[in-house]
2 protein chains.
Amino acid sequence: MLNAQIRKKKVVIVGAGFAGLNAAKKLSNEDNLSVILIDHKNHHLFQPLLYQVATAGLDPSDIAVPIRGEFAENSNVVVHLAKVEFIDLEKQKVTLLNSADPVDYDYLILACGAQHSYFGNHSWEQWAPGLKTLEQATEIRHRILSAFEKAENETDPEMQKRYLNFVVVGGGPTGVELAGAIAEISRKVLVNDFKVINPALAQVYLFEAGPRLLADFEPSLSAKAKKDLEILGVTVLVNQKVENITQHGVFYSDQLISSESIFWAAGVQARQIPTTPSLQQDKAGKVYVEPNLTIKGFSNAFVVGDMAHVETTESKIVPGVAPAAIQMGLHVAKSIVKNKNEIFHYYDKGLMATIGKNKAVMQSPGKFFKFDGRIAWWAWLLIHVLYLVGFRNRLSVLSQWVWSYLFSKHGSRLITNSTWENN
Amino acid sequence: MLNAQIRKKKVVIVGAGFAGLNAAKKLSNEDNLSVILIDHKNHHLFQPLLYQVATAGLDPSDIAVPIRGEFAENSNVVVHLAKVEFIDLEKQKVTLLNSADPVDYDYLILACGAQHSYFGNHSWEQWAPGLKTLEQATEIRHRILSAFEKAENETDPEMQKRYLNFVVVGGGPTGVELAGAIAEISRKVLVNDFKVINPALAQVYLFEAGPRLLADFEPSLSAKAKKDLEILGVTVLVNQKVENITQHGVFYSDQLISSESIFWAAGVQARQIPTTPSLQQDKAGKVYVEPNLTIKGFSNAFVVGDMAHVETTESKIVPGVAPAAIQMGLHVAKSIVKNKNEIFHYYDKGLMATIGKNKAVMQSPGKFFKFDGRIAWWAWLLIHVLYLVGFRNRLSVLSQWVWSYLFSKHGSRLITNSTWENN
């Protein structure tokens, strides 16, 4: 079916994250190209705001758009909901799971993104979900809200304390934002909801193995973020490696934090797709690519976004952030249109992270400017709304933020179960 | 914990649907009463709009509010998230699942609502989910959207046809609204999303065992609803009993509609709670109550809402609709405040059902007025927004409806899975 179209040059894009979606958009008006965009989810996800879904500030549909909807007007883009099983780079064929017909291509763009890595400790996942998908965000929300409910119903003070312990592992932007948001909802949003417990007594712990939070930021902003988190009531533990995570809680330096609410933001690994020939990868699973983002030896196959190991001119690795993914996606789309593979230059747009209401840190490209506090927070808000895909989502997110800002109420505090039968 | 409060008269309300929530609200300012509102979900659900969540028009949090949030300002109302296991009416004690301490009461209000009934055919449920909870609505949405995705990926024309067959069983308001909404999204919302299939070729079947749709409405409105559905492309089969539902589809009169997307709106049964002494119930599981809504022999125990079998002065049974539940909840709350059990009079507010954009039917109390088409549809919209609990939800629903109305786009077309691990 997919192969049966009029003979145009065929571009297969695997993954509709920031890199893949933007590549497809750039190619969507090229009439001499036929684009097949493959993803195993039906939606593009605005990952930078996932932590707000996890902490009941936003709804899943506020930060996700159906991929098909983005290309409804573009007859040369076909969206295909499927999992890729295998790619033959030599025969230029993509094999899909549960499908006999491989999809052939003239150009390939691999943009499958990253998922969590537990550094080999697979058993930790069940006790400490990561935050990369809507499903995980909903699960984390479920665990956070249920913990308060369990504490409210509990009569044993030890167990009650356990339910009110929250642990976030990993002091990058996701960990900082998640820890800050949990502290904030416990102190501001939920505080009047419960009559037996005081939700403000919730303890939030943030573990970071390195010497400071937000390692990619300027040290002064790391310090500011730590201070802001502590003001919100978060206990920040830097230089502190987690040794084990079990049903009992988090073990470190011969100590245990007893908790059922542990969240993982400590490491990511690029998603793996079997190919022939196999691809050279770094230890985070990222594929080493040429400076023009092609796979060595295959000038028609590109790897972009979090899946690509690319170095900047200063020999630093391009970070796994949305602006980098967007730039790479657009770059390879341009290379395909021009039929000429040019060297990719990463343009650093700066870094930002939010800690809580009126609390954020940001630095400009080249670190010329640094901001924190209220200015950084408003800038963060503005930029995130502007970058949100889809006009409707922008309106919805903006109105929910205004609502939360004015009334400290979160609208999405629903606990739903994953089973539906007689529920 | 719950029993350890200052000695006021204690009212235990089981269920935070329309009846229970309104009873609790009415009692929330009575300082000499202490109210315990028990529900096994953390949210109150606006059930009349569930079908819009199922058909991707609204988000779960648009039609549900956290129960705790409704009573944050009322110190005499304690919300308790728990399942009731057993009630001893003589000892005035409610036993909760997984809790050693029973909750005692001076007054009891049972308001547990209804769930789907498959008339003894339990095996049908897995193939034909009902629509009573957020989880079920999300499941139905998942099945509808996934069916189109499967059809798009399918090369066998027989299978493709099967994926595009949708069956709704039951021609009451829920069935009519669901069938109309499925037809409408296939014809108007999804029509540009797919490049291989034409979603407008989806077949929607609506089964009704009785002689007409919307049996509680005037016959002329039933006819109008049928005609409107047919204009939208729904095949309406009245006087047609479903004989079996299996993985193959729906069997009736020696025929089979091959389908994976079957939805059940044919029958409800009151939720069951074991009590001593046991309660007299009708064949739909509703509890026979006295005209003042008490349980016979227990002047301090009330049954309200969909759980109660109450007859009007014309010996008709009070219908299982939201206005009736609200009226009953308020009535018993008043009886408790006045310490005097008065006879309940049901005030019929009329009936309404919507079929699609600009298509609805409504009749006034006593059937003096009937409306259909655009006027009825706008009235339906207005009334549903006004009755929605919570200012934020009203705004959000209203803006999404305006959006859909203008652009025929639905914002919530997300397929999410029920598992989160490495997903």
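Convention: sequence-line order gives letters A, B, ...; per-chain numbering from 1.
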Go through A:V191, A:N153, A:N192 and name the one with the most non-hydrogen pairs under 4.5 angstrom from chain B.
A:N153
The single option from B:V79, B:N76, B:V78 that satisfies side chain to side chain contact (heavy atoms under 4.5 Å, CB included) with A:K195 is B:V78
Of the non-hydrogen atoms in B:D193 and A:A72, which two are nearest, and what is the gap between them?
OD1-CB, 3.9 Å
CG of A:L145 to NE2 of B:H43, rounded to nearest 0.5 Å, is 11.5 Å
Heaviest contributor of heavy-atom pairs below 4.5 Å to chain B, chosen from A:I67, A:N42, A:L134, is A:N42
